[in-house]
Participant: 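Structure incoming, see below.
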Amino acid sequence: MSDPARPPSRLELGRFDIAEEVVACTALLVVVLAVCWGVLTRYVTAQPAAWSGEVAGMGFAWLVFLGAAAGFKRRLHVSIDLLTSRLPATLERGVEIAVQVGILAFAAYVTWLGVGFTIGNLDNPSPVLRLPQSIIYLAVTVGFLSIALRQAWWLGHRVRAWRQDR
C-alpha cells in the first residue's frame, strides 16, 4: 500500500509527464553549445559571435524555471518539519494544508504575473537577435504553471487521502 503522505509517483500524463525534464535538458544543451560557440569564436576567429551570450541567457532562464518545476514534481525541494513533526496529528494536518495552499497560491500568483510580463514584452526585442523578451518571461510562466498544476493535483490527492482516513 502506498504512503498517503507522499503523492503517487507520477501524475499520469503519458509522454508529457517528463516535459519539464526534456525542456530543461534541451535548455542546458543550448546554454552549453552557445557558450562553447561564443568562446570558440572569440579566441579562434576575428569576429566573436555576439548572439551567443543572449541565447545562453535565454536558455538559462528556461533551464532554471523548468528545472525548478521538475524538482518540485519529484518533491526534491527542501522541507523542514522540525516544528510540525512535534504537533498533534490534527494540528499537523491543518498546518500542512495551510502550507500547501500557500504554495499553490504563490505559484498561481507568479504564473499570473508571468503571463502579464510575457504579454507586456511581446514588442520588446532583445538587443542582438531582436527576439521578443517575452521568451524569457514565458519560461517563468511555464515553470510556475507546471508547479501550480502539480500542486493543485497533489493537494487534491492529500485531501482525499485524509478524508479516507477518517
Participant: Measure the CG-CG distance between Leu40 and Leu33 for me, rounded to the nearest 0.5 Å.
Facilitator: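 Separation between the atoms: 11.5 Å.
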Participant: My understanding is that only one of Thr118, Leu113, Ile119 makes a side chain to side chain contact (heavy atoms under 4.5 Å, CB included) with Val115; could you say which?
Facilitator: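 Answer after filtering Thr118, Leu113, Ile119: Ile119.
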Participant: What closest approach, in Å, do Ala108 and Ala148 show between heavy atoms, and which atom pair accounts for it?
Facilitator: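 Distance-wise, the nearest heavy atoms are N-CB, 4.1 Å.
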Participant: Excluding sequence neighbours, so at least two apart, what forms side chain to side chain donor-acceptor pair (under 3.5 Å) with Thr111?
Facilitator: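 Scan of Thr111 (side chain to side chain donor-acceptor pair (under 3.5 Å), adjacent residues dropped) gives none.
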Participant: Pick out which of Leu29, Val35, Leu28, Val30 makes a side chain to side chain contact (heavy atoms under 4.5 Å, CB included) with Val32.
Facilitator: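 It is Leu28, the one option of Leu29, Val35, Leu28, Val30 that forms the side chain to side chain contact (heavy atoms under 4.5 Å, CB included) with Val32.
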Participant: Does NZ or CZ of Arg75 come closer than 6.0 Å to the centre of the six-membered ring of Phe72, within 45° of the ring's axis?
Facilitator: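 Yes, Arg75 sits over the ring of Phe72.
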Participant: Residues two or more places apart in sequence or in another chain: which of them pass side chain to side chain contact (heavy atoms under 4.5 Å, CB included) with Ile80?
Facilitator: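 Only Val78, Leu82 meet the side chain to side chain contact (heavy atoms under 4.5 Å, CB included) criterion with Ile80.
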Participant: Quick check for you: to the nearest 0.5 Å, what is the distance between Leu83 atom CG and Glu92 atom CD?
Facilitator: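 Answer rounded to 0.5 Å: 9.5 Å.
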Participant: Not counting sequence neighbours, which residues clear side chain to side chain donor-acceptor pair (under 3.5 Å) with Ser146? List them please.
Facilitator: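 Ser146 satisfies side chain to side chain donor-acceptor pair (under 3.5 Å) with Glu20 only.
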Participant: Mind checking whether Leu66 and Leu63 sit in one hydrophobic cluster, side chains of I, L, V, M, F, W, Y counted as touching below 4.5 Å?
Facilitator: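 The answer is no; the residues belong to distinct hydrophobic clusters.
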Participant: Suppose the criterion is side chain to side chain donor-acceptor pair (under 3.5 Å): which pairs have a residue in residues 32-56, not counting sequence neighbours?
Facilitator: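 Listed by first then second residue: Glu54-Ser126.
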Participant: Hydrophobic clusters here meaning ILVMFWY residues chained together by side-chain heavy-atom distances under 4.5 Å, can you tell me if Val64 and Phe106 are in one?
Facilitator: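 Yes, because Val64 and Phe106 connect within a single hydrophobic cluster, where side-chain heavy atoms sit under 4.5 Å apart.
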Participant: Does Pro127 reach the side chain of Gln133, with side-chain heavy atoms less than 4.5 Å apart?
Facilitator: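 Heavy-atom side-chain distance check passes, below 4.5 Å.
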Participant: Would you please name every residue forming a side chain to side chain donor-acceptor pair (under 3.5 Å) with Asn124, sequence neighbours left out?
Facilitator: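 Only Asn121 meet the side chain to side chain donor-acceptor pair (under 3.5 Å) criterion with Asn124.
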Participant: To the nearest 0.5 Å, tell me how far Lys73 NZ sits from Ile147 CD1.
Facilitator: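 Here the interatomic distance stands at 11.5 Å.
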Participant: Please tabulate, for the side chains in residues 97-105, all donor-acceptor contacts under 3.5 angstrom to protein atoms that are two or more places apart in sequence or on a different chain.
Facilitator:
unit_1	atom_1	unit_2	atom_2	d
Gln100	OE1	Gln151	NE2	2.5

Participant: State plainly whether one hydrophobic cluster holds both Val55 and Val128, where clusters connect Ile, Leu, Val, Met, Phe, Trp and Tyr through side-chain heavy atoms under 4.5 angstrom apart.
Facilitator: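 Result: yes, single cluster for both.
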Participant: Once rounded to the nearest 0.5 Å, what's the spacing between atom CG of Asp81 and atom CD of Glu96?
Facilitator: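 Here the rounded value is 10.0 Å.
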Participant: Tell me the closest heavy-atom pair linking Ala69 and Gly143, and the distance in Å.
Facilitator: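 Minimum heavy-atom contact is CB-O, 3.6 Å.
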Participant: Would Leu131 and Met58 satisfy side chain to side chain contact (heavy atoms under 4.5 Å, CB included), going step by step from the backbone distance to the final call?
Facilitator: CA-CA 10 Å; Leu131 295 171; Met58 288 179 180; 4.2 Å; yes
Participant: Hey, what do you get for CG (Leu138) to CZ (Phe65), rounding to the nearest 0.5 Å?
Facilitator: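 CZ of Phe65 is found 11.5 Å from CG of Leu138.
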Participant: Is a side-chain N or O of Trp62 found less than 3.5 angstrom from the main chain of Ile135, in a donor-acceptor match?
Facilitator: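 Yes, because the side chain of Trp62 sits within donor-acceptor range (under 3.5 Å) of the backbone of Ile135.
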